[in-house]
Amino acid sequence: MIYLDYSATTPISYDVLDSFDKASKEFIGNPNSLHGLGVKSRELMNSATKQISELFGVNESEIFYTSGATESNNMALIGVAFANQKRGNHIIVSKLEHPSIYGICSYLEKLGFEISYVNHTEDGLVDFEDLKSKMRESTILVSICAVNSELGVRQPIKTIRQIIKKENPNVYFHSDMTQALGKIAVNLKDVDLASFSIHKIYGPKGIGLLYKNNMVKMAPILYGSSKKDLRPGTPAVALIAAAAKAIRLGIQDLSRKEIFIRKLNEKIRDEVSLLDQVVINSTQYSIPHILNISLLNIKPETFIHAMEEYDIYLGTNTACSSGEISSSVMALYNDKKRASTTIRISLSYLTTTEEITRFLNCFQIVYKKLNYLMENPTDYE
Ligand code: PMP
(Lines give C-alpha, C1' and ligand atoms only; values in the text may rest on other atoms or scores of the structure.)
Protein backbone atom coordinates (compact mmCIF):
# COMPACT_ATOMS: atom_id res chain seq x y z
CA MET A 1 0.00 0.00 0.00
CA ILE A 2 1.16 3.53 -0.77
CA TYR A 3 -0.62 6.05 1.41
CA LEU A 4 -0.39 9.66 0.20
CA ASP A 5 -3.29 11.22 2.11
CA TYR A 6 -1.47 12.14 5.33
CA SER A 7 -3.17 15.52 5.55
CA ALA A 8 -6.57 13.81 5.82
CA THR A 9 -5.30 11.66 8.67
CA THR A 10 -2.20 9.76 9.74
CA PRO A 11 -1.72 6.19 10.92
CA ILE A 12 -1.31 6.03 14.70
CA SER A 13 2.26 5.57 15.87
CA TYR A 14 2.80 2.36 17.88
CA ASP A 15 4.45 4.35 20.68
CA VAL A 16 1.36 6.53 20.93
CA LEU A 17 -0.93 3.51 20.75
CA ASP A 18 1.09 1.97 23.56
CA SER A 19 0.44 5.01 25.78
CA PHE A 20 -3.25 4.83 24.92
CA ASP A 21 -3.34 1.10 25.67
CA LYS A 22 -1.55 1.43 29.02
CA ALA A 23 -3.64 4.40 30.14
CA SER A 24 -6.88 2.61 29.14
CA LYS A 25 -5.96 -0.50 31.11
CA GLU A 26 -4.31 1.05 34.14
CA PHE A 27 -6.30 4.25 34.67
CA ILE A 28 -9.90 3.12 34.77
CA GLY A 29 -11.25 5.81 37.11
CA ASN A 30 -13.22 8.85 36.08
CA PRO A 31 -10.91 11.83 36.69
CA ASN A 32 -13.90 13.63 38.21
CA SER A 33 -14.39 10.91 40.88
CA LEU A 34 -13.15 11.64 44.38
CA HIS A 35 -11.86 8.15 45.20
CA GLY A 36 -8.34 6.87 44.64
CA LEU A 37 -8.94 5.55 41.12
CA GLY A 38 -10.36 8.91 40.09
CA VAL A 39 -7.45 10.74 41.67
CA LYS A 40 -4.99 8.46 39.82
CA SER A 41 -6.67 9.24 36.49
CA ARG A 42 -6.79 12.97 37.29
CA GLU A 43 -3.06 12.87 38.08
CA LEU A 44 -2.29 11.19 34.75
CA MET A 45 -4.36 13.79 32.96
CA ASN A 46 -2.68 16.63 34.83
CA SER A 47 0.76 15.33 34.02
CA ALA A 48 -0.20 15.02 30.29
CA THR A 49 -1.47 18.61 30.38
CA LYS A 50 1.73 19.76 32.09
CA GLN A 51 3.79 18.04 29.41
CA ILE A 52 1.72 19.55 26.58
CA SER A 53 1.83 23.03 28.10
CA GLU A 54 5.61 22.79 28.50
CA LEU A 55 6.04 21.62 24.90
CA PHE A 56 4.02 24.64 23.74
CA GLY A 57 5.48 27.04 26.30
CA VAL A 58 2.06 28.02 27.67
CA ASN A 59 0.12 27.70 30.93
CA GLU A 60 -1.59 24.43 31.88
CA SER A 61 -4.85 26.33 32.40
CA GLU A 62 -4.70 27.43 28.74
CA ILE A 63 -5.09 23.91 27.29
CA PHE A 64 -8.59 22.48 26.63
CA TYR A 65 -9.33 19.01 25.30
CA THR A 66 -11.90 18.58 22.54
CA SER A 67 -12.89 15.84 20.10
CA GLY A 68 -10.84 17.40 17.27
CA ALA A 69 -10.15 20.61 15.42
CA THR A 70 -13.75 20.99 14.23
CA GLU A 71 -14.87 21.23 17.84
CA SER A 72 -11.90 23.44 18.79
CA ASN A 73 -12.82 25.84 15.96
CA ASN A 74 -16.45 25.86 17.18
CA MET A 75 -15.39 26.57 20.77
CA ALA A 76 -13.06 29.35 19.67
CA LEU A 77 -15.29 31.21 17.23
CA ILE A 78 -18.69 30.70 18.86
CA GLY A 79 -17.30 30.94 22.40
CA VAL A 80 -15.49 34.21 21.69
CA ALA A 81 -18.43 35.62 19.71
CA PHE A 82 -20.90 34.92 22.54
CA ALA A 83 -18.66 36.16 25.33
CA ASN A 84 -17.70 39.41 23.59
CA GLN A 85 -20.90 40.44 21.81
CA LYS A 86 -21.29 43.53 23.99
CA ARG A 87 -17.99 44.77 22.55
CA GLY A 88 -18.84 44.01 18.92
CA ASN A 89 -20.32 41.58 16.41
CA HIS A 90 -17.68 41.58 13.66
CA ILE A 91 -15.35 38.68 12.82
CA ILE A 92 -12.73 38.49 10.06
CA VAL A 93 -11.64 35.21 8.45
CA SER A 94 -9.54 34.41 5.38
CA LYS A 95 -10.80 32.89 2.14
CA LEU A 96 -8.49 29.91 2.65
CA GLU A 97 -9.99 28.44 5.79
CA HIS A 98 -11.03 24.87 6.46
CA PRO A 99 -14.74 24.27 5.64
CA SER A 100 -15.52 23.93 9.36
CA ILE A 101 -14.70 27.64 9.84
CA TYR A 102 -17.17 28.63 7.08
CA GLY A 103 -19.85 26.39 8.62
CA ILE A 104 -19.39 28.18 11.96
CA CYS A 105 -19.40 31.60 10.24
CA SER A 106 -22.72 30.95 8.52
CA TYR A 107 -24.21 29.87 11.86
CA LEU A 108 -22.92 33.06 13.51
CA GLU A 109 -24.23 35.17 10.61
CA LYS A 110 -27.72 33.78 11.23
CA LEU A 111 -27.41 34.99 14.83
CA GLY A 112 -26.57 38.53 13.68
CA PHE A 113 -22.77 38.46 13.67
CA GLU A 114 -21.06 40.04 10.67
CA ILE A 115 -18.30 38.16 8.88
CA SER A 116 -15.70 39.74 6.56
CA TYR A 117 -13.52 37.64 4.28
CA VAL A 118 -10.03 39.07 3.90
CA ASN A 119 -8.44 38.99 0.44
CA HIS A 120 -5.14 37.30 -0.33
CA THR A 121 -2.32 37.80 -2.79
CA GLU A 122 -2.17 35.65 -5.90
CA ASP A 123 0.10 33.24 -4.01
CA GLY A 124 -2.42 32.87 -1.23
CA LEU A 125 -0.89 35.06 1.50
CA VAL A 126 -3.27 37.22 3.49
CA ASP A 127 -3.34 40.72 1.99
CA PHE A 128 -2.13 42.84 4.92
CA GLU A 129 -3.61 46.10 3.59
CA ASP A 130 -7.00 44.46 3.09
CA LEU A 131 -6.84 43.01 6.61
CA LYS A 132 -6.12 46.47 8.04
CA SER A 133 -8.92 48.06 6.05
CA LYS A 134 -11.44 45.39 7.12
CA MET A 135 -10.82 45.93 10.82
CA ARG A 136 -13.53 48.01 12.51
CA GLU A 137 -14.45 49.33 15.92
CA SER A 138 -16.82 46.36 16.28
CA THR A 139 -14.23 43.67 15.31
CA ILE A 140 -13.80 41.13 18.11
CA LEU A 141 -11.94 38.27 16.42
CA VAL A 142 -9.72 37.47 13.43
CA SER A 143 -9.29 33.81 12.47
CA ILE A 144 -6.60 32.82 9.96
CA CYS A 145 -5.52 29.26 9.21
CA ALA A 146 -1.74 28.77 9.78
CA VAL A 147 -1.45 26.19 6.98
CA ASN A 148 -4.27 25.72 4.50
CA SER A 149 -5.38 22.08 4.30
CA GLU A 150 -5.87 21.92 0.53
CA LEU A 151 -3.00 23.95 -0.92
CA GLY A 152 -0.64 23.87 2.04
CA VAL A 153 -0.23 27.67 1.94
CA ARG A 154 1.53 28.81 5.10
CA GLN A 155 0.59 32.20 6.51
CA PRO A 156 3.03 34.55 8.30
CA ILE A 157 1.17 34.22 11.60
CA LYS A 158 3.53 36.43 13.62
CA THR A 159 3.23 39.34 11.16
CA ILE A 160 -0.54 38.94 10.97
CA ARG A 161 -0.72 39.13 14.76
CA GLN A 162 1.37 42.31 14.76
CA ILE A 163 -0.93 43.92 12.20
CA ILE A 164 -4.07 42.99 14.13
CA LYS A 165 -2.75 44.12 17.51
CA LYS A 166 -1.38 47.37 16.09
CA GLU A 167 -4.80 48.22 14.66
CA ASN A 168 -6.63 47.19 17.81
CA PRO A 169 -5.01 45.28 20.72
CA ASN A 170 -8.43 44.17 21.98
CA VAL A 171 -9.13 42.05 18.91
CA TYR A 172 -8.44 38.37 19.54
CA PHE A 173 -6.45 36.32 17.04
CA HIS A 174 -7.37 32.67 16.49
CA SER A 175 -5.48 30.35 14.17
CA ASP A 176 -6.52 26.91 13.00
CA MET A 177 -3.11 25.22 13.32
CA THR A 178 -4.33 21.72 12.50
CA GLN A 179 -2.16 21.31 9.40
CA ALA A 180 0.80 23.15 10.91
CA LEU A 181 1.46 21.05 14.01
CA GLY A 182 3.99 18.31 13.34
CA LYS A 183 4.94 19.83 9.98
CA ILE A 184 6.32 23.28 10.86
CA ALA A 185 7.23 24.99 14.12
CA VAL A 186 4.22 26.57 15.79
CA ASN A 187 4.52 29.38 18.30
CA LEU A 188 1.49 29.92 20.49
CA LYS A 189 2.86 33.30 21.59
CA ASP A 190 1.77 34.52 18.13
CA VAL A 191 -1.93 33.81 18.75
CA ASP A 192 -4.60 34.12 21.41
CA LEU A 193 -6.37 30.89 20.48
CA ALA A 194 -5.35 27.89 18.35
CA SER A 195 -7.00 24.65 17.20
CA PHE A 196 -5.41 21.22 16.73
CA SER A 197 -6.41 17.63 15.87
CA ILE A 198 -4.21 14.86 17.20
CA HIS A 199 -5.01 12.34 14.42
CA LYS A 200 -3.07 14.58 12.01
CA ILE A 201 0.13 13.94 13.98
CA TYR A 202 0.13 10.12 14.26
CA GLY A 203 -2.19 10.14 17.26
CA PRO A 204 -5.66 8.65 17.76
CA LYS A 205 -8.81 10.04 16.17
CA GLY A 206 -11.32 11.69 18.51
CA ILE A 207 -9.03 14.06 20.41
CA GLY A 208 -8.15 17.66 19.70
CA LEU A 209 -6.89 20.69 21.56
CA LEU A 210 -7.87 24.26 21.93
CA TYR A 211 -5.25 26.65 23.22
CA LYS A 212 -6.83 29.74 24.77
CA ASN A 213 -4.76 32.45 26.36
CA ASN A 214 -5.93 33.08 29.94
CA MET A 215 -6.76 36.71 29.05
CA VAL A 216 -9.29 35.69 26.36
CA LYS A 217 -12.96 35.84 27.33
CA MET A 218 -14.75 32.79 25.95
CA ALA A 219 -18.19 31.35 26.73
CA PRO A 220 -18.75 27.58 26.78
CA ILE A 221 -20.62 26.04 23.86
CA LEU A 222 -21.48 22.90 25.83
CA TYR A 223 -23.20 22.93 29.21
CA GLY A 224 -22.92 20.21 31.82
CA SER A 225 -22.64 19.55 35.51
CA SER A 226 -19.72 21.84 36.24
CA LYS A 227 -20.43 25.55 35.93
CA LYS A 228 -16.80 26.58 35.59
CA ASP A 229 -15.73 24.01 32.99
CA LEU A 230 -15.46 25.46 29.49
CA ARG A 231 -15.74 21.93 28.09
CA PRO A 232 -17.70 19.79 30.55
CA GLY A 233 -17.98 15.99 30.53
CA THR A 234 -15.75 13.09 31.54
CA PRO A 235 -12.25 13.77 30.21
CA ALA A 236 -10.94 11.11 27.80
CA VAL A 237 -7.92 10.24 29.96
CA ALA A 238 -6.31 7.66 27.66
CA LEU A 239 -6.75 9.87 24.58
CA ILE A 240 -5.23 12.78 26.50
CA ALA A 241 -2.20 10.67 27.54
CA ALA A 242 -1.83 9.58 23.90
CA ALA A 243 -2.12 13.21 22.74
CA ALA A 244 0.77 14.26 24.98
CA LYS A 245 2.92 11.48 23.52
CA ALA A 246 1.89 12.27 19.92
CA ILE A 247 2.76 15.96 20.36
CA ARG A 248 6.11 15.20 22.00
CA LEU A 249 7.07 12.85 19.16
CA GLY A 250 5.35 14.88 16.45
CA ILE A 251 7.33 18.07 16.95
CA GLN A 252 10.75 16.38 16.92
CA ASP A 253 13.17 16.81 14.04
CA LEU A 254 10.88 19.01 11.98
CA SER A 255 13.53 20.56 9.74
CA ARG A 256 15.20 17.23 8.92
CA LYS A 257 11.80 15.76 8.05
CA GLU A 258 10.89 18.83 5.98
CA ILE A 259 14.10 18.67 3.90
CA PHE A 260 13.40 15.03 3.02
CA ILE A 261 9.74 15.71 2.20
CA ARG A 262 10.70 18.68 0.02
CA LYS A 263 12.84 16.39 -2.14
CA LEU A 264 9.93 14.00 -2.63
CA ASN A 265 7.62 16.90 -3.42
CA GLU A 266 10.02 18.26 -6.05
CA LYS A 267 10.38 14.86 -7.68
CA ILE A 268 6.59 14.60 -8.07
CA ARG A 269 6.18 18.21 -9.14
CA ASP A 270 8.95 17.97 -11.77
CA GLU A 271 7.43 14.90 -13.34
CA VAL A 272 3.71 15.68 -13.28
CA SER A 273 4.12 19.26 -14.45
CA LEU A 274 5.41 17.92 -17.78
CA LEU A 275 1.95 16.51 -18.52
CA ASP A 276 -0.07 18.95 -20.61
CA GLN A 277 -3.40 18.74 -18.75
CA VAL A 278 -1.87 18.97 -15.29
CA VAL A 279 -1.54 22.24 -13.37
CA ILE A 280 0.09 22.76 -10.00
CA ASN A 281 -2.14 24.60 -7.53
CA SER A 282 0.20 24.72 -4.54
CA THR A 283 2.11 28.01 -4.49
CA GLN A 284 5.60 29.14 -3.50
CA TYR A 285 4.24 29.54 0.05
CA SER A 286 2.93 25.98 0.29
CA ILE A 287 4.66 23.64 2.70
CA PRO A 288 6.16 20.62 0.89
CA HIS A 289 3.96 18.15 2.77
CA ILE A 290 0.96 19.15 0.62
CA LEU A 291 1.04 19.14 -3.16
CA ASN A 292 -2.20 20.12 -4.83
CA ILE A 293 -2.63 19.64 -8.56
CA SER A 294 -5.52 19.67 -11.04
CA LEU A 295 -5.94 17.05 -13.75
CA LEU A 296 -8.00 19.27 -15.98
CA ASN A 297 -9.35 16.48 -18.17
CA ILE A 298 -10.16 13.91 -15.53
CA LYS A 299 -12.72 13.69 -12.72
CA PRO A 300 -10.80 13.42 -9.42
CA GLU A 301 -13.01 10.54 -8.18
CA THR A 302 -12.24 8.56 -11.33
CA PHE A 303 -8.51 9.15 -10.94
CA ILE A 304 -8.48 8.35 -7.22
CA HIS A 305 -10.32 5.06 -7.75
CA ALA A 306 -8.10 4.10 -10.70
CA MET A 307 -5.02 4.70 -8.51
CA GLU A 308 -6.64 2.63 -5.78
CA GLU A 309 -6.47 -0.34 -8.15
CA TYR A 310 -2.69 -0.06 -7.67
CA ASP A 311 -3.13 0.20 -3.89
CA ILE A 312 -2.25 3.90 -3.92
CA TYR A 313 -4.33 6.32 -1.85
CA LEU A 314 -4.63 10.03 -2.66
CA GLY A 315 -6.94 12.84 -1.53
CA THR A 316 -9.41 15.05 -3.36
CA ASN A 317 -9.52 18.59 -1.89
CA THR A 318 -10.29 17.82 1.78
CA ALA A 319 -11.61 14.54 3.08
CA CYS A 320 -14.27 16.62 4.83
CA SER A 321 -15.83 17.88 1.61
CA SER A 322 -15.20 15.11 -0.90
CA GLY A 323 -17.14 15.43 -4.11
CA GLU A 324 -17.42 19.21 -3.89
CA ILE A 325 -15.21 21.74 -5.61
CA SER A 326 -12.14 22.88 -3.75
CA SER A 327 -13.02 26.15 -2.01
CA SER A 328 -9.34 27.06 -1.64
CA VAL A 329 -8.43 26.44 -5.30
CA MET A 330 -11.55 28.39 -6.32
CA ALA A 331 -10.60 31.27 -3.98
CA LEU A 332 -7.08 31.39 -5.36
CA TYR A 333 -7.61 30.87 -9.09
CA ASN A 334 -11.31 31.67 -9.61
CA ASP A 335 -11.44 28.79 -12.13
CA LYS A 336 -14.25 26.26 -11.72
CA LYS A 337 -12.63 23.61 -13.90
CA ARG A 338 -9.39 23.82 -11.97
CA ALA A 339 -11.25 23.80 -8.64
CA SER A 340 -13.36 20.77 -9.56
CA THR A 341 -10.46 18.59 -10.76
CA THR A 342 -8.06 18.81 -7.82
CA ILE A 343 -6.01 15.99 -6.36
CA ARG A 344 -4.14 16.40 -3.09
CA ILE A 345 -0.95 14.43 -2.63
CA SER A 346 0.09 14.69 1.00
CA LEU A 347 3.43 13.39 2.14
CA SER A 348 4.98 12.30 5.40
CA TYR A 349 8.44 11.59 6.72
CA LEU A 350 7.23 7.97 6.56
CA THR A 351 6.92 8.20 2.76
CA THR A 352 9.84 6.55 0.96
CA THR A 353 11.61 7.44 -2.28
CA GLU A 354 10.64 4.00 -3.63
CA GLU A 355 7.00 4.72 -2.91
CA ILE A 356 7.23 7.95 -4.89
CA THR A 357 8.93 6.20 -7.81
CA ARG A 358 6.16 3.61 -7.91
CA PHE A 359 3.49 6.27 -7.43
CA LEU A 360 4.85 8.24 -10.41
CA ASN A 361 4.94 5.14 -12.63
CA CYS A 362 1.34 4.32 -11.79
CA PHE A 363 0.35 7.98 -12.12
CA GLN A 364 1.70 8.04 -15.70
CA ILE A 365 -0.15 4.84 -16.63
CA VAL A 366 -3.47 5.91 -15.12
CA TYR A 367 -3.20 9.48 -16.39
CA LYS A 368 -2.47 8.38 -19.97
CA LYS A 369 -5.26 5.81 -19.95
CA LEU A 370 -7.92 8.16 -18.53
CA ASN A 371 -6.80 11.06 -20.68
CA TYR A 372 -7.02 8.87 -23.78
CA LEU A 373 -10.54 7.76 -22.80
CA MET A 374 -11.59 11.38 -22.23
CA GLU A 375 -10.31 12.36 -25.66
CA ASN A 376 -11.73 9.26 -27.38
CA PRO A 377 -15.03 8.70 -25.61
CA THR A 378 -16.32 6.31 -28.30
CA ASP A 379 -13.69 3.79 -27.20
CA TYR A 380 -15.83 3.30 -24.11
CA GLU A 381 -18.41 1.45 -26.20
N1 PMP B 1 -8.90 22.41 10.23
C2 PMP B 1 -8.04 21.97 9.31
C3 PMP B 1 -7.04 22.93 8.74
C4 PMP B 1 -8.07 20.63 8.91
O5 PMP B 1 -7.21 20.20 7.97
C6 PMP B 1 -9.03 19.75 9.48
C7 PMP B 1 -9.12 18.32 9.05
N8 PMP B 1 -9.21 18.13 7.66
C9 PMP B 1 -9.90 20.28 10.45
C10 PMP B 1 -9.80 21.61 10.80
C11 PMP B 1 -10.93 19.42 11.10
O12 PMP B 1 -10.33 18.43 11.90
P13 PMP B 1 -11.19 17.23 12.49
O14 PMP B 1 -11.88 16.60 11.32
O15 PMP B 1 -10.19 16.34 13.12
O16 PMP B 1 -12.16 17.82 13.44
Side-chain angles (χ1 to χ4, degrees), residues 3-12 16 64-79 93-107 120 124 126 142-155 157 160 173-184 186 188 191 193-211 221-222 231 236 239-240 242-243 246-247 250 281-282 285-287 289-292 313-324 326-329 331-332 342-348:
Y3 183 70
L4 296 174
D5 200 12
Y6 287 96
S7 284
T9 195
T10 56
I12 190 166
V16 174
F64 297 86
Y65 298 108
T66 65
S67 58
T70 303
E71 186 185 335
S72 305
N73 286 341
N74 271 269
M75 268 179 87
L77 270 69
I78 300 173
V93 300
S94 84
K95 292 179 182 170
L96 294 174
E97 296 300 312
H98 183 263
S100 60
I101 294 283
Y102 299 126
I104 300 163
C105 287
S106 52
Y107 167 67
H120 44 72
V126 162
V142 177
S143 181
I144 309 275
C145 200
V147 171
N148 166 274
S149 58
E150 295 179 51
L151 296 158
V153 172
R154 174 188 187 168
Q155 299 293 342
I157 293 297
I160 294 173
F173 180 30
H174 167 257
S175 180
D176 178 348
M177 294 189 158
T178 309
Q179 293 291 347
L181 187 64
K183 299 188 181 94
I184 57 167
V186 303
L188 295 185
V191 294
L193 304 111
S195 303
F196 303 100
S197 246
I198 300 303
H199 70 94
K200 308 279 186 188
I201 57 158
Y202 311 90
K205 294 164 185 58
I207 174 100
L209 297 184
L210 175 69
Y211 158 71
I221 58 167
L222 294 177
R231 210 278 196 164
L239 289 174
I240 291 168
I247 296 170
N281 298 318
S282 292
Y285 297 111
S286 296
I287 58 167
H289 313 65
I290 298 177
L291 178 62
N292 191 303
Y313 299 87
L314 303 167
T316 48
N317 53 70
T318 65
C320 323
S321 57
S322 40
E324 293 168 19
S326 156
S327 62
S328 303
V329 175
L332 204 58
T342 63
I343 301 280
R344 183 180 65 177
I345 302 153
S346 45
L347 305 166
S348 156

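Quick note: numbers below take in every heavy atom, side chains included, and nothing from hydrogens, waters or symmetry partners. Both ligands and their constituent atoms are indexed starting at 1 by order of listing.
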For the student: nearest non-hydrogen atoms of S7 and Q179, plus distance:
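Reported closest heavy-atom pair: O-NE2, 2.9 Å.
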List the atom of D5, the atom of G315, and the distance in Å for their closest heavy-atom pair.
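Here D5 and G315 meet closest at OD1-CA, 3.5 Å.
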What I want to know is whether [X] and ligand 1 share at least one N or O pair that is separated by under 3.5 angstrom.
X: S7; result: no
X: N73; result: no
X: E71; result: no
X: S100; result: no

Do the side chains of M75 and L222 get nearer than 4.5 Å, heavy atoms only?
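No. Closest side-chain heavy atoms not under 4.5 Å.
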Numbering as shown, the atoms of ligand 1 that approach T178 to under 4.0 Å (heavy-atom distance):
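Near T178, meaning under 4.0 Å from one of its heavy atoms, ligand 1 has 1 (N), 2 (C), 3 (C), 4 (C), 6 (C), 10 (C).
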With a cut-off of 4.0 Å, which atoms of ligand 1 are near a heavy atom of S197?
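Near S197, meaning under 4.0 Å from one of its heavy atoms, ligand 1 has 12 (O), 13 (P), 15 (O), 16 (O).
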Please work out which of H98, M177, K200 has its closest non-hydrogen atom nearest to atom 9 (C) of ligand 1.
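The nearest heavy atom belongs to H98.
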Looking at H98, is its backbone amide N or carbonyl O close enough to the side chain of S149 to form a donor-acceptor pair, meaning the two atoms are under 3.5 Å apart?
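Looks like no, no N/O pair under 3.5 Å.
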Treating E97 as the side-chain partner and C145 as the backbone partner, does any N or O pair qualify as donor plus acceptor under 3.5 Å?
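Side chain of E97 to backbone of C145, a donor-acceptor pair under 3.5 Å: yes, one is there.
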Which is it for I144 and F173 under the side chain to side chain contact (heavy atoms under 4.5 Å, CB included) test, yes or no, and what are the steps along the way?
CA-CA 8 Å; I144 309 275; F173 180 30; 3.8 Å; yes
Tell me whether ligand 1 is touched by K205 - counting only heavy atoms on the residue side and a distance under 4.0 Å.
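False for this residue.
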